[in-house]
K.L.:
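I have a structure I would like to understand better, so I am pasting it below and will then ask my questions one at a time.
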Amino acid sequence: QKEVEQDPGPLSVPEGAIVSLNCTYSNSAFQYFMWYRQYSRKGPELLMYTYSSGNKEDGRFTAQVDKSSKYISLFIRDSQPSDSATYLCAMNYGGATNKLIFGTGTLLAVQP
Amino acid sequence: EAGVVQSPRYKIIEKKQPVAFWCNPISGHNTLYWYLQNLGQGPELLIRYENEEAVDDSQLPKDRFSAERLKGVDSTLKIQPAELGDSAVYLCASSDRLAGNTGELFFGEGSRLTVL
């Protein structure tokens, strides 16, 4: 079993839709949770990070962490064609190592 | 400010040939990472440097892979000899001392390797 599981998609939605992306994990020691966005043939870029359980909002994006269920989510409101990319969840144990464990990524296509 | 620079962007070689990838991190970033990304998968850490010291190379296949970071700045990842299964994207990333637990790594665009 992988430490981090993510539905690979692909996910296709119409412009303006609300998108929900999810990851589950098995190791309760994970403390920090991130979402990276990766456009085709580009490197990943950090979108949001959260610590422990709770919600964090940044514009159209909301990250949610439920440590009791070992489940994290990223919600995108009013999705735009420019949001079309692969979304990777990532997490680490905290401390100084900053070693990230990535999910497999979910490919999202927002149709205009 | 320039981002992480990698070269070459694309490389096609025949199996058993050697190949090398180069990475120039963001200026001032003391931590440098090499990740492997297979098609449809998330990045997997190969090696992490703190300055010029390799502090985590547990996932690096040392029989054919080697890496160095001379003077704690640029880094080179080498594969010799390459195998068909090495076809993937090799991502370099860097972070600064203040990144702490935010997980903010800055990635380059990657070097896409095809082994024939």
Side-chain angles (χ1 to χ4, degrees), chain A residues 2-11 21-25 29-52 56 58 63 65 72 74 85-109, chain B residues 3-10 21 23-26 29-51 53-60 88-113:
Chain A
K2 289 187 176 181
E3 285 188 283
V4 180
E5 300 278 359
Q6 184 174 7
D7 186 341
L11 185 61
L21 305 168
N22 311 294
C23 286
T24 59
Y25 62 95
F30 286 130
Q31 296 290 331
Y32 293 83
F33 305 89
M34 304 96 192
W35 286 95
Y36 276 77
R37 179 174 60 195
Q38 185 173 24
Y39 290 113
S40 179
R41 299 189 179 271
K42 299 291 186 183
E45 56 179 349
L46 182 66
L47 200 56
M48 296 182 70
Y49 83 93
T50 53
Y51 169 68
S52 197
K56 185 174 184 178
D58 184 0
V65 174
I72 70 171
L74 178 71
T86 295
Y87 289 81
L88 297 152
C89 63
M91 44 201 79
N92 68 14
Y93 301 103
T97 64
N98 209 20
K99 177 178 178 177
L100 299 185
I101 308 298
F102 284 89
T104 54
T106 298
L107 178 60
L108 171 67
Chain B
V4 176
V5 179
Q6 290 188 246
S7 69
R9 288 292 318 278
Y10 304 92
F21 306 113
C23 173
N24 178 242
I26 292 174
H29 282 191
N30 60 302
T31 308
L32 184 145
Y33 313 76
W34 283 102
Y35 278 86
L36 165 70
Q37 187 172 27
N38 286 303
L39 186 65
Q41 301 294 317
E44 299 176 21
L45 181 68
L46 288 173
I47 188 168
R48 177 172 67 94
Y49 283 93
E50 293 289 345
N51 299 305
E53 181 183 0
V55 295
D56 185 355
D57 63 357
S58 57
Q59 302 302 311
L60 189 72
V89 176
Y90 293 84
L91 292 164
C92 179
S94 68
S95 66
D96 66 19
R97 194 179 302 277
L98 299 178
N101 299 309
T102 65
E104 185 162 27
L105 274 59
F106 294 85
F107 284 87
E109 294 191 317
S111 294
R112 184 176 297 269
L113 173 67

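Quick caveat, the model's predicted, so the values are computed rather than measured. Numbers restart at 1 for each chain; the letters A, B, ... are given by sequence-line order, proteins then strands.
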K.L.:
With sequence neighbours excluded, give me every salt bridge (Lys or Arg N to Asp or Glu O under 4.0 Å) pair touching residues 29-38 of chain B.
P.N.:
none
K.L.:
I'd like to verify something: which residue of P43(B), G110(B), G40(B) has the highest number of heavy-atom pairs under 4.5 Å with chain A?
P.N.:
P43(B)
K.L.:
Tell me, side chain or backbone of Q37(B) under 4.5 Å from chain A's heavy atoms, or both, or neither?
P.N.:
side chain
K.L.:
Between Q6(A) and chain B, which part of the residue has a heavy atom less than 4.5 Å away: side chain, backbone, both or neither?
P.N.:
neither
K.L.:
Counting only heavy atoms closer than 4.5 Å, note whether D56(B) contacts chain A via side chain, backbone, both or neither.
P.N.:
side chain
K.L.:
Taking ring pair (Phe, Tyr, Trp, His ring centres under 6.0 Å) as the definition, give me every residue that meets it alongside Y51(A), ordered by chain and number, with sequence neighbours left out.
P.N.:
Y32(A)
K.L.:
In Å and rounded to the nearest 0.5 Å, what is the SG to CZ distance from C23(B) to F107(B)?
P.N.:
11.0 Å
K.L.:
Keeping S94(B) on the side-chain end and T31(B) on the backbone end, is there a donor-acceptor pair under 3.5 Å?
P.N.:
no
